[in-house]
Structure formats: structure tokens, C-alpha cells
Amino acid sequence: MSHDLYGEILLDHYRLPRNHGRLENPTITVEGTNPLCGDELTLDLEFTGDHLTNISFSGRGCAISVAATSMLTELLKGKTIHEIEEWTGNFRTFIREGKAPDGVDMGDIQSLAGVAQLPVRVKCATLPWTTLEQGLVRYKGT
Amino acid sequence: MSHDLYGEILLDHYRLPRNHGRLENPTITVEGTNPLCGDELTLDLEFTGDHLTNISFSGRGCAISVAATSMLTELLKGKTIHEIEEWTGNFRTFIREGKAPDGVDMGDIQSLAGVAQLPVRVKCATLPWTTLEQGLVRYKGT
Amino acid sequence: MKTITEIRKDFPILNMKVNGKSLVYLDNAASSQKPVQALDAFCRFCESRYANVHRGVHTLGEHATTDYEAARTKVAEFVNAPSSKGIIFTRGTTESINLVAYAFGRRFVKHGQAILLTPMEHHANLVPWQLMAKSVGAELRFWPMKPDGTLDMEAGKKLLDSSVALVAITHVSNVLGTINPVREIALMAHQVGAKVLVDGAQAVPHMPVDLTEIDADFYAFSGHKMLGPTGIGVLWGRLDVLEDMEPFLTGGEMIKEVYLDHATWNDLPYKFEAGTPPISEAITLSAAISYLNDVGMEWVYSHTRALTSKAYELLSQEPGVTVYGPAVDRGPVVAFNVAGIHPHDLAALLDQEGVAIRAGHHCAQPLMRWLEVQATARASFYLYNTMEEIDVMMDAIRMAKKVLRVA
Amino acid sequence: MKTITEIRKDFPILNMKVNGKSLVYLDNAASSQKPVQALDAFCRFCESRYANVHRGVHTLGEHATTDYEAARTKVAEFVNAPSSKGIIFTRGTTESINLVAYAFGRRFVKHGQAILLTPMEHHANLVPWQLMAKSVGAELRFWPMKPDGTLDMEAGKKLLDSSVALVAITHVSNVLGTINPVREIALMAHQVGAKVLVDGAQAVPHMPVDLTEIDADFYAFSGHKMLGPTGIGVLWGRLDVLEDMEPFLTGGEMIKEVYLDHATWNDLPYKFEAGTPPISEAITLSAAISYLNDVGMEWVYSHTRALTSKAYELLSQEPGVTVYGPAVDRGPVVAFNVAGIHPHDLAALLDQEGVAIRAGHHCAQPLMRWLEVQATARASFYLYNTMEEIDVMMDAIRMAKKVLRVA
Ligand SMILES: Cc1ncc(COP(=O)(O)O)c(C=O)c1O
Ligand SMILES: Cc1ncc(COP(=O)(O)O)c(C=O)c1O
């Protein structure tokens, strides 16, 4: 099951997380927790109009949640809200079914495929995505 | 198990219960119920000093409880309170172990031996005894 | 399609001899027997996939969690629940109803409001409401019944006004066999703003049940009456209603965050599943449902209906026998009495012939009073019973009459 | 006496391969595995003696009732309960404690009184008291702990005054392994008139427990942690205390007489067993207890103690590892952390080597805060574990450190 869970791509993101730290002037700061693991995640989001111009994360979490968050920030930085929502949908399909929707290249995120088999760990990988969604809702509400 | 439950002695007491009916001037009237079966039993007890000079019963019940009550009245009518308490002890042993205490002749009551195997029916046979016990307690309290 | 002979082979207990006679098990309304498929599922699970659920990140923990959640989905599909998030595993119908009485009733039913019940309820759907009503100062009302043991719909409508907070009603009576029009009643109740709980303990095992169509707010049933194990039952609830409720039992699993002085709750359905749930029971129940699905609930329904009709007819024709409940459109339960024979004696004498029926008040004492009896005998059927078994029962009844010298 | 090799043969799941490696099951504090003897007892019962209990007068009903009540006696003897009438079958420790919180707490604990707990309680022995305390206006107090994770007896005594209505305390901590002096605490509590509930979920499976000697008022434990099935647990209560309590769950079985508007209660223990009880679970648990009796609880205790000492020692010596809880006199649970590795990752990496440990807050979030960690890894042992398995675990931990490049 978890044989290839800790593959090189995942370990790379865990050891050298992209966009780690705090932003100075985030438009939105949003927090997520995974009570089961005790994971705590803070996302700083900087929007310019429709674009997520900058994003960074901090907190504590397991390798999967840290790597998943790092991959998310790398993928979504600079994207429009519409694109982000599309990627969120893709990610949900990917994590539910263990493979990307037809024709979609998930990039590094593909390395999380093993997580889809593990109901208890799925939440670790989904945490940044649900946290980001809350951030989007808040941004749209402003 | 219940093969010989409805033997001739038991059926005889059921069809022709001894001491059935109401007393005119009972010293104590005491009621017992078995909620599981819906059995309802009324014992009329007439005491003269230490002696249970008369006893009768009425109510509705299954063959086992009717026969057990009939046997009880036959056995105990005229006995002293002390003797009744001794017989109550004998009966408890008998119904718990399926045989009478050494050296004791249970008479007709011996025909209830099969009931001891049947936890759900034990209460039917014990109902008159527990009801009588309450009557004794009440009488002693007066 | 399995034949009845094949079905019977799946239930090893049916080969038992009782008092030297072949067992004729007609006490299915109390509890059903279990097919080897369910027992095997239990053993296989314990021998290769067992661990506690929702906690471990190790492989067995993952397997157990997957199987447990698959069982939830299986149950949801079996009763066509709108969402499996509304399926809460409990210990049985009794706990399911108590959960609603505590977590919904004591919170949302107000002083002066009413709970509308029927006189045919099982104690499990009566006593919890008595205590709840007393604790909040609510009133209990009882939907009148017609002499044949069906609900008097006109009379009931008059009691169903806007002061009614909840209608709690059995889907199928465990004594009369009456099948209540729960969909119609749910509609009527919702029109006056009342919530509806249906006790489905005798319905789900025996007929196709569609929770989406019935559209009640709560629906309760037990695993052990539907080929499954003891120790598990189901409460289905509408998500919006469940969301508004506070938890009932508390502890592990149902929490999000716990501090020394307070805690926050997990999402549905976990909010209502405190502590280690009935894990292997869920897996075993799931196998039982697969079995019922294979046989087909339509077949189960029509087979037991045919048995019931025959039993009802033969018993009605037998001298000295009174049969209770409606003559047609009934669940597979026939309660009756033989004049001059206490039902306990009847059951004991039938047992000598290998025939297992139940005798007593069937956890429905108020209904006994309504019927003006202390107790009744009851034969109840399931998919593995045969027409011949009803003949055996009738012979045994005649034998009992002889033993006790009843004409 | 069985050898450890013979014992392991009785647990088929221990032969499993996980990720290609032999399973090393060290998650026993979450739930234990089941011996074939228990699974067989379950199947035999369902295949030859199954029916609902306390209801049927037919042979199967008698058999099932006899077996179910024999299981109660077996449990009572196993923990040396003063009377088997005080043994109530519940779904598990969680339900047992909730029963007391509802039926004792909400009735007898008064506004302004206190419940005395410890910071090491499992959520099951914390959250029910939070809700109960809130509902009656009582206060929660926490018995201070020493840095090694044992209770500070002197500091606790000061909190234990006559305003304390109940002391609710775990016998053995499921994280620290601390064995609390429950007999001494019960004595102290009774001196100030407080009642005592002991959470024995981690004690009864692992050591000889003598309820007569401990002399608490309530004692709770679960079947699934002591080789038994899920779906069953026990609440033992003192008869006089149970007599004074009103029922918790209501329905069939626990009543004497039911009218439309009120009901009266059955005798102990039935007053607290509403509805169809966990019948086959009781029979299976009884077989599990026979198994433990055969092996001998003294042996179980000393075997797991030896495993625990070895694990504690090796882990303490391993660079980067912090071990929690007292060094000696502890239950077979070792919680620890590896610097730089999240416990979930550690558990997942150990799983790749076939080693099943648990990671998380272990349903003890307040204790995690006291330890100043988010979560820990936890290895817990039982009678079928071996010294070699601890070496496998240590190797796997070193492997994990390598994968995640921790020094
Ligand atoms: C100390 C302690 N108390 C209570 C519980 C809860 O037991 P259950 O989940 O069986 O109700 C557990 C087990 O998780 C425990 O370790
Ligand atoms: C109609 C009805 N409701 C409730 C129950 C209680 O079910 P359980 O004993 O499984 O909780 C029963 C079964 O006895 C029943 O027939």
C-alpha cells in the first residue's frame, strides 16, 4: 500500500518545501487543522483582482501534508480564481480515484497517488486544498 | 428439555387446582406478577398465631405457575411460619439445582424438576413462593 | 436465484434437532438466524483485516476503516438513504431511538408540545418518549386504531396539529403485522411542522424499504433481525436535522478538538459514533445485506407474504384460535391465542415438537391491553421458512390442545 | 502452559504479510486481535444455539439465555466482582462511562459540586463529564501530575474535599502507561463521601484486576481490547448505587410493566440493558476470557511487562527519541517521538516494514498539551508479541530516520 508513499518527489518537497514562510501583506490568511494528526496549517494568500499573485504556508504537519501543501503552492501561484477552482476539482477527482482526470497532468502531485488508497492519510493531502477553498470563499465574500 | 414438563402430576394440578378461589377473611392478601408472561397471582393467607391455617389463590397464569401454586398451597396449608421458611429454602435449592436437598421429599413438587433447566420458565414456578414470602414479611411486620 | 433448499443449506442451525424433532424456527421477529456467508465474513475479517478504525495509519487500520465505511455505504444503498453520512451505526433499534429521544427530543421538544405515537408501538418506541416527555413537560398522544389493528387515519389526522413536535411510529407492527402508511404520515406530519421517526425494525428485514421515498426525519432498525449479528443497529437521520443536534454519547472518535474544559464535534456521521464502533458487526451486517440482495428483497417479501397468508388462514380456521391484526397487507408476523391455553404453555408444548414460536407480550404491553389479552403466541416467518413448516406448526398446536385437554 | 509459539498459532492474523513483511502488530492498546477459539465460539453459537434472550420459551431461546448469563458470570469472576448482578453489558467503555454520566451524574451530582479527573484521561472519560458538568452546573478539577507522568498524590489530596461528588480516573493510562493507585484513591474518595469511577479499558486486558479489592463504585472496560469482539463492553456498578439510579436507555427487556403513560423497571442488571443485548458478543467475549484464563493473567502481565521494559530501554537509548511516561511499574504501552519525524510519517514508514504502531493523539488531546506535543507514536504489547518483534520495530525506526534524512 504505502510502499511508494515516500518517493523521491514527495521527500524533495518535504525537505525543501516551496513557498514556505509568511507573506508580509497577505490579502487573506486562513488556517486549517487536521484534528486526527494535530496538523496545523496557515496559508497566506495575496490576491490581485482575479489572480492569486502570491501564496505561502507555515505550520506543522506530517511529510504528506507538508509536501502536498508545497506542491499546491507551486502549482497555483499566479493562477486565476477560476483556474484554482478547476485544479481543486481535478485534485478531488485525483485523490478520490487515485488517478488524474483524463488529459490532465498533475505534475508533482501525481506522486501523491498512493495516498488515495489510504483513507486515514487522505486528509493530510487534502488539508491544504480545503484550507485554500475557505480562503477563496472569504476572498470572494469581501 | 421440556419433554416431561407437562407430566401427569403437573397436568392434574393445572386442571384441578387445589385451594383455588378466595378466602372470606384472609389475614393477608398479597399479589405477585410475572411481567414476562403477564401472570397475575393473588394469595389469600389466613394466619392463626404462628400457623398458616388457610390459604387460597386466584389469578391467571400458565400451567406451570398454576400447578406450582396449587402444589404450594397443598404442601403449606397448616404449617408453621418456621416450617414454611424451611420449605421455601428447600424449594429454592430444588429449583436452582433441579433436585431436592438430601433427605427431603418434595412430593408433587418433584414434578417441576424439568423447569429448573429452563431459565425463562423458572419464574413461573417461583412466582407463588416469592409472593408468599412477601406475605410472610407483611404478616411478621404487623 | 437460489431455491429454498439452497437457502436453507446456508443456515446450519436449521438442521438442528430440538427435542428429537427437526427445528422449525418461527421466532424471526425476535431475531433471525445467520447464514454461513455472514459468519464467514466475520471470521475472514478477524483473521486478515482487523484493527481499530479511523485511527491507525498502518495497513490493517486502513483495511478495517475501508471495510467499515464500505459497510456504511452498503447499508445506505440497501435502504436507499439520500446520503451515507446520515447512516449512524448504533447497537440496535433501541439505542437508535434513545439517541433521538435524548439528542433531539430533550433539546427540541418544548414544554406543552406533543409526541404522537400509536398504541401498537414496541416498548423501544414508547418508553424513551415517556421519559423524554416527562423531562421536558411534553404530552404523549396516541393515534387511534381500528378494530382490525390498522390505524384510523381520520381520527389520527385530528390529533396531528401544529402542537405536535414529533410523530414516532412503527413501520410494521411486531405483533399485529400491520404495515403503517409511513410515507403518507410523514407527509401529513411535515405539513404541520412535526418531525417523523419511523421504527423500521420489522420492515427493513422483510420488504424493500426506500428512505428517500418515505422521507421521514429518522429511521431506525437492527442488524440481528435481518440475518446480521447482534450488537449493531442503524439510525438514519436527515443531515440537516442531525447537524442541528448535539451529540448523545461522547468520547473518542466523535470529537474534533478536546480541551480540559470543553470540546468540539466531528462531522457527520462520526459526531454520533462515540468510542470504538461495532466494527466486525458492520462487516458481518454488510455480508448479510449482500445475502439479502442476492436473494432479492422482492422475493423475500413475496415468499414471507405467502407463508403469512397460509398461516393466517389455517389459524383462523382452527377451532378455538383467535388471530390478531389485519387479514391482508401485513408483515410476516401472526399473533394468536388458543382458548384455554396460556401462550407460554403453547410455546413450550410446540417446542416439544421442535417448533420455536414466541409467547408473551412481545415488548408491547399497552397493545396487549388494547387487545384485552395478557399475552399472545406469535409465529413469524423469514426467507428460509417453508409451507410445510406451517403444517408442522398446526399439527403441534392440535397436539397441545390434546395434552392440555382443550376441546 | 502454552508456549508463545503456540499462542501465536491461535491468532491467524499474525501470519499475515504486510507490504511483503511479516506483520508485527503493536497497536494492541487500540484493539487486540482475536484467537480462533473466540471466533469458533461465535460460529458454534450462531450455528447451534442462537436466538434472542430472556424472551423465548423455546429451546434455542433457553440455550441462548443460559449462554448469555453464563458469560455474565464469567466476566464477574474474571474481575472478581462482588456480584454478577452488577455486571451490565454495554457496547464498550465509552458507553459504560456515558451511562454513568447520564444516569448517575445528571441525577446525583449537584450544582456547585465537583468531578475530579486527571489530565491523562482518554476522551471517553473526559468529554462525558464536561457535558454533564455543564448541564448540572458542576465543576471539573484535575489531579496534578508529576513530570514523569504519575499522579502527584499530595497535590491531589488537597483537591479531594467534601465538595467532590465523583472521582473519575483511569486505571492505566493508554499513553503514558501509568498505573494509578486506584484502590488507594477509592479509599480516600470514600472518606470524603465521593463516588469513584475507574476506567479499566487498559487494565483488565493486561493484569489481574480485583474489583472487590479496588472497591470503587463503577468500573468500565471493553471486550475488543481483551481478545474479545467489538460491540461489547462492561460496566460494573455497586448494587446499592445502581439501585438508586434511574435507567439510561429504555425499551424492551429493562421494564417490568409498561402502560401508555408510564413504566416500571426490571431488576438489576436488566434495568440497564435495554433492547436486544450484544448476545453473540457476550458468548465470544466469554471464550476470550477462557483463553486469557488458560494462559493466565499473571503470565500475561509479566510477559507484556518484559516486552515493555525492553522497548522502553531500547527506545530511550536511541538517538533523537523521547519516551513519555514513568520508567517503571507501567502498563504495556510506550509512547514516544523521534525528533524531526511526524508520528504519522513514522507509523507509515514502520508499516512499510510490517510494523503496526499507532500515531496521533490517542484520544487524549489534553495530555498531548501537557506533554507539549501535537501527537506521539505509540507501541503497545500483548500476550502474542515477542522480544524479536521489538528488535524489528527498532530496525524500522532506524530505517525511517534514514528515509526522512534524520541524523
Ligand atoms: C483508557 C481508555 N479509556 C477508554 C477507551 C475507550 O474504549 P472504547 O473505544 O472501547 O469505548 C479506551 C480505548 O480506546 C482507552 O484506552
Ligand atoms: C418494532 C420493533 N421495534 C424495536 C425493536 C427493538 O429492537 P432491538 O431489540 O434490536 O433494539 C423490535 C425488536 O424487538 C421491534 O420488533
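Chain naming here is simple, since letters A, B, ... match the order of the sequence lines and numbering starts at 1 in each.
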D:F11 ring center within less than 6.0 Å of D:Y25 ring center: no
Whether D:E273 side chain and D:E253 backbone form a donor-acceptor pair below 3.5 Å: no
Would you say the side chain of [Y] lies within less than 4.5 Å of the side chain of [X], judging by non-hydrogen atoms?
X      : Y      : answer
C:W265 : C:P247 : yes
C:S32  : C:H224 : no
D:L349 : D:Q352 : yes
C:P366 : C:H123 : yes

Rounded distance [0.5 Å steps], CE in D:M16 versus CD in D:Q33: 9.5 Å
C:N266 side, atom CG; C:F272 side, atom CZ - distance, nearest 0.5 Å: 11.5 Å
Residue C:I232 versus chain D: region with a heavy atom under 4.5 Å: neither
With chain C as the partner, which of [options] has the greatest number of non-hydrogen pairs under 4.5 Å?
options                        : value
D:D40, D:L140, D:N15, D:L60    : D:L60
D:V355, D:L260, D:L126, D:V36  : D:L260
D:D27, D:V127, D:N98, D:L39    : D:N98
D:S48, D:A30, D:A38            : D:S48
D:K134, D:H344, D:E47          : D:E47
D:E246, D:R358, D:H361, D:H122 : D:R358

For [X], is it the side chain, the backbone, both, or neither that has a heavy atom closer than 4.5 Å to a heavy atom of chain C?
X      : answer
D:F142 : side chain
D:L249 : both
D:L117 : neither
D:I255 : side chain
D:D261 : backbone
D:Y102 : side chain
D:V258 : both
D:T93  : neither
D:R369 : side chain

For [X] and [Y], test the side chains for any donor-to-acceptor distance below 3.5 angstrom and give the result as yes or no.
X      : Y      : answer
D:T284 : D:E281 : no
D:K225 : D:S31  : no
C:N19  : C:D351 : yes

Looking only at heavy atoms and a cut-off of under 4.5 Å, which of [options] has the most pairs with chain D?
options                     : answer
C:L99, C:N28, C:V18, C:I279 : C:I279
C:A356, C:G354, C:A282      : C:A356
C:T94, C:I13, C:T90         : C:I13
C:W129, C:W370, C:Y50       : C:Y50

Residue pair D:F248, D:M254: steps toward the side-chain contact (heavy atoms from CB on, under 4.5 Å) verdict: CA-CA 10 Å; D:F248 172 42; D:M254 50 68 66; over 6 Å; no
